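This is a predicted model, so every value here is computed, not measured.
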Amino acid sequence: MTRIKRGYIARRRRTKIRLFASTFRGAHSRLTRTITQQKIRALVSAHRDRGRQKRDFRRLWITRINAVIRENKVYFSYSKLIHNLYKRQLLLNRKILAQIAILNKSCLYMISNEIIK
């Protein structure tokens with residue numbers, strides 16, 4: 001039987017992987033096996049950290065809202081504010097509330113007064 005050369009298909013696959021790892025350092029961007037391993041690691045980390053990023057931002061927003069509430073005696077605690085927001089059906093998410101708390105505190109006072117009434 002004659003020998004079958006892999007030709008351009010394998011080379012195209014390797015160059016595609018190399019382009020992904022072109023910014024990596026050392027052997028992680030030069031050797032095909034380590035490139036594939038590092039690609040898998042990078043994608044796993046990216047997938048994990050997307051969920052972590054959502055979690056971290058939610059914690060940040062909650063901390064900001066709570067800090068402004070307690071600092072200016074707007075409300076007793078963050079949890080009571082959120083509970084009463086839902087009871088009054090004022091559906092503001094935490095991201096928007098955090099932006100209001102930082103940029104426009106008077107608006108936050110108006111919202112808290114709406115809840116108290």
Take Y8 and R13 through the test side chain to side chain donor-acceptor pair (under 3.5 Å) and record every step on the way to the result. CA-CA 9 Å; Y8 72 98; R13 179 177 53 84; over 6 Å; no
Assess whether atom CZ of R30 is packed by more than 12 heavy atoms of other residues, nucleotides or ligands within 6.0 Å. no
Would a 4.5 Å heavy-atom cut-off, applied to side chains only, mark F57 and Q53 as touching? yes
Shortest non-hydrogen pair, C107 vs I100, comes out as CB-CG2, 3.9 Å
Are there over 12 heavy-atom neighbours, none belonging to R25, within less than 6.0 Å of that residue's CZ? no
Correct closest heavy-atom pair for A27 and I35 would be O-CG1, 4.4 Å
dist I9:CD1 -> R12:CZ (nearest 0.5 Å) comes out at 6.0 Å
I69 and I65, any side-chain heavy atoms less than 4.5 Å apart: yes
Under a 4.5 Å side-chain heavy-atom rule over Ile, Leu, Val, Met, Phe, Trp and Tyr, are W61 and L81 clustered together? no
Could you tell me the separation between the CD atom of E114 and the CG atom of L85, rounded to the nearest 0.5 Å? 11.0 Å
Heavy-atom nearest pair, A21 first then S29, reads O-CB, 3.1 Å
What distance separates S45 OG from Q38 CD, expressed to the nearest 0.5 Å? 9.0 Å
M110 and I96: same hydrophobic cluster, using ILVMFWY side-chain contacts below 4.5 Å? no
Sorted by chain and residue number, the salt bridge (charged side-chain N to carboxylate O under 4.0 Å, His left out) partners of R52 (sequence neighbours excluded) come out as D49
Report the distance from atom CG of N104 to atom OH of Y109, rounding to the nearest 0.5 Å. 10.5 Å
Tell me, do Y86 and L91 make a side-chain contact under 4.5 Å, heavy atoms counted? yes
Are the side chains of I82 and I62 in touch, meaning some heavy atoms are under 4.5 Å apart? no
Do Y78 and R94 have side chains that approach each other closer than 4.5 Å (heavy atoms only, starting at C-beta)? yes
Residues forming a side-chain contact (heavy atoms from CB on, under 4.5 Å) with T36, sequence neighbours excluded: I17
Just jot down the side-chain contact (heavy atoms from CB on, under 4.5 Å) partners of I102, sequence neighbours excluded, or say none. R64
Run the side-chain contact (heavy atoms from CB on, under 4.5 Å) test on L108 and L97 for me, step by step, so that the C-alpha distance in whole Å, both residues' side-chain angles and the decisive distance to 0.1 Å come before the verdict. CA-CA 8 Å; L108 188 68; L97 274 175; 4.2 Å; yes
Measuring only between side-chain heavy atoms, which start at C-beta, is K54 closer than 4.5 Å to R58? no
What's the separation between atom CZ in R11 and atom CZ in R18, rounded to the nearest 0.5 Å? 11.5 Å
State whether a side-chain donor-acceptor pair under 3.5 Å links R70 with N66. yes
Run R88 and H83 through side-chain contact (heavy atoms from CB on, under 4.5 Å) and show every step you take. CA-CA 9 Å; R88 300 280 289 182; H83 173 71; over 6 Å; no
